[in-house]
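Structure, as C-alpha cells:
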Protein chains: 2
Amino acid sequence: MDLRIAKTHESIQQALLVLLKEKPLEEITVSELCRIAKINRGTFYLHYKNIHGVFEKYFEEIVEDLKCSIHAPYHEIDQGVEDLEADMIQIFHHVKKYEPFYCIVFDEQIPMKYYYMLFHSIRTFVAEIASFLQKGEPLNLPDFQISYQTNAIMGILLEWHQEGYVTSPAELNWYLIRFITERHL
Amino acid sequence: MDLRIAKTHESIQQALLVLLKEKPLEEITVSELCRIAKINRGTFYLHYKNIHGVFEKYFEEIVEDLKCSIHAPYHEIDQGVEDLEADMIQIFHHVKKYEPFYCIVFDEQIPMKYYYMLFHSIRTFVAEIASFLQKGEPLNLPDFQISYQTNAIMGILLEWHQEGYVTSPAELNWYLIRFITERHL
DNA sequence: GAAGATATTGTACAACTGTTCAATAAAAAT
DNA sequence: ATTTTTATTGAACAGTTGTACAATATCTTC
C-alpha cells in the first residue's frame, strides 16, 4: 500500500470530522474540505466522487460494527425469545453509540443511500432469524415479509430519531419484543 | 393572485417534467431548467430554493391524492378486516398510479424528505385505524408502535420498488393483511 | 541508493450556484 | 386610462464543481 494514498485518505476523513462539528453534511463543500485537509482539490477527486463518498466510507465502517455487534454473541442452539431480545437490543445500543452519525443519516436532506445501507444490514439479520425459527418448514418467508419486518424495526429508529433519542435502548427493546410477539392492530 | 406568478410556476413545473424524461432528478440543474422554462434564473430563486423545491411541490400534490384515496370510501361503522383491506390496497394502487415519481422518491441519491412525507401521510392513516380499533381501551398505542406499523408497510413499498413494481397491488395487499393479522416471526 | 512507478500538485477551463441591484415590464387598483 | 404596486429581467459577483494536463514530488522495488 502506498503511504501517500493512506495519508491523503486520513487527511480527508479527519477534515470531514472537523467540518461536521461546525456545519451539517449537506453544507460542506469539496473545496472547503480540501482546504482543511491541506490537499489539492484534484487529489480529492482522484479518490472520492463527492463529499458523500467520504461519509459513505465512514458509514460503511459503522454498519460493519453493527454486523459484528449482532453476530458476536450468536447462539447456535435454542434461539428463544430471550436470545432474540439479546440480539435485538444490540441494534439500539449501536445507534446510541453512533448517535451523531445517525442524526445525519436520518436527516431530511440526506440521501436515502445510508438508510438503505442500514436497512440491508438489519435485513440480513432478520432473514437469518426467520430462517432459523422456521427451519423444518419447507416454505421460507417471502422477501416482502422480511422487508416488512426489517422496516418495522427501522420505524422504531425513525421515531427514536424524531423524539431526539430520549428513550433508553432497554425500553425500546421492550417495545420491540412486544410488537413482534403480539398480534398487530 | 398575480398572473405573472402563476405563469412562472407553470413554466417551472412543466420544465421539470420535460427534463425528468431525459435525466434523473439529481442531474437537473437550475440553469438548465430555467433555459427550458424560458425564465430568468433570478426569478427561479424568487420562488424556489433549489430543484428539490420544485419536485417537493409536485410530491405534495401526490401525497394529497393519497390522503384522498384512503379516506374517500371511509366507513364510519364496523371497520372490520374487510374494510381494512379495502383501505390498505389504496396505498398500493396509489404508488402504482404514480410509479415514475416513486421510482424517484425511493432512489438512493434522493433526500429522505420525500420518504418522510409519505411516511407521515400513511402514519396518520395507521394512527386513525389503531385508535378506531382500540376505542374503549383507555391506553392508546404509543408513538413507537404507530411508527413501527407504518414503516412496516413502507417496507413492502421498498421491496416493491427494488423488484421493479412487478407484483400486483392485489397480491401485495394479500401479503400485507397476512403480515398484520398473523403473529410475527 | 538509483530507477521506475505513481500519487500529488498547480493551473486552467467551462459551467453552475446563490445573491444583489437597478431597470424594466406587467399586473392590480383606483 | 392612469397610477401604483410588484414580478421579472439582465448584469455582475465571488465561490463551487468536475475535469484535464504537464510538472513535480514521493513512494516502491530492485
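All values below come from the heavy atoms of this structure, side chains included, with hydrogens, waters and symmetry mates left out. Here is the naming used below: chain letters follow the sequence lines, and residue numbers restart at 1 for every chain.
Aromatic ring centres of A/Tyr114 and A/Phe55: separated by under 6.0 Å.
Salt-bridge formation is not detected for the pair A/Glu128/A/Arg123: no Lys NZ or Arg NE/NH1/NH2 atom is positioned less than 4.0 Å from an Asp or Glu carboxylate oxygen. Using a 4.0 Å cut-off between charged nitrogen and carboxylate oxygen, A/Glu27 and A/Lys23 do not count as a salt-bridge pair. Salt bridge status for A/Glu10 with A/Lys7: absent, with no side-chain N to carboxylate O gap under 4.0 Å. Between B/Lys96 and B/Glu99 a salt bridge is recorded (basic side-chain N to carboxylate O distance below 4.0 Å).
Between A/His120 and A/Tyr116, the angle of the ring planes stays under 30°, which puts this pair in the parallel group of the 30/60° scheme.
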Extract from the structure each pairing of a protein N or O with an N or O of nucleotides 2-9 of chain C at less than 3.5 Å, listing the distance.
from, atom 1, to, atom 2, distance (Å)
C/dT6, O2, A/Arg4, NH1, 2.9
C/dT6, O2, A/Arg4, NH2, 3.3
C/dA7, O4', A/Arg4, NE, 3.4
C/dA7, O4', A/Arg4, NH1, 3.4
C/dA7, O4', A/Arg4, NH2, 3.2
C/dT8, OP1, A/Arg4, O, 2.9
C/dT8, OP1, A/Thr8, OG1, 2.1
C/dT8, OP2, A/His47, NE2, 2.6
C/dT9, OP2, A/Asn40, N, 2.9
C/dT9, OP2, A/Thr43, OG1, 2.7

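One finds a side-chain N or O of A/Tyr45 lying less than 4.0 angstrom from the OP1 or OP2 phosphate oxygen of D/dG18.
B/His52 pairs with exactly one of B/Lys57, B/Glu26, B/Lys113 by the side-chain hydrogen bond (donor to acceptor under 3.5 Å, both in side chains) rule, that one being B/Glu26.
B/Asn50 places its CG atom 15 Å from the C1' atom of C/dT19, with the value rounded to the nearest Å. Rounded to an integer number of Å, the gap from OH of B/Tyr48 to P of D/dT8 is 11 Å.
Side-chain heavy atoms closer than 4.5 Å link hydrophobic residues (I, L, V, M, F, W, Y) into clusters, and following such links, even through other members, never connects B/Leu46 to B/Ile39.
Within residues 27-37 of chain A, the residues having any heavy atom under 4.0 Å from DNA chain D are, by residue number, A/Thr29, A/Val30, A/Ser31, A/Arg35.
Put simply, the side chain of B/Asn151 gets close to the backbone of A/Asn151: a donor and an acceptor are under 3.5 Å apart. Checked by atom type and distance alone, the side chain of B/Glu159 never pairs as donor or acceptor with a backbone atom of B/Glu163 at under 3.5 Å.
Helix-axis bend for the helix from C/dG1-D/dC30 to C/dT30-D/dA1: the local axis fitted to the five terminal pairs at one end deviates from that at the other end by 30°, rounded to 10°.
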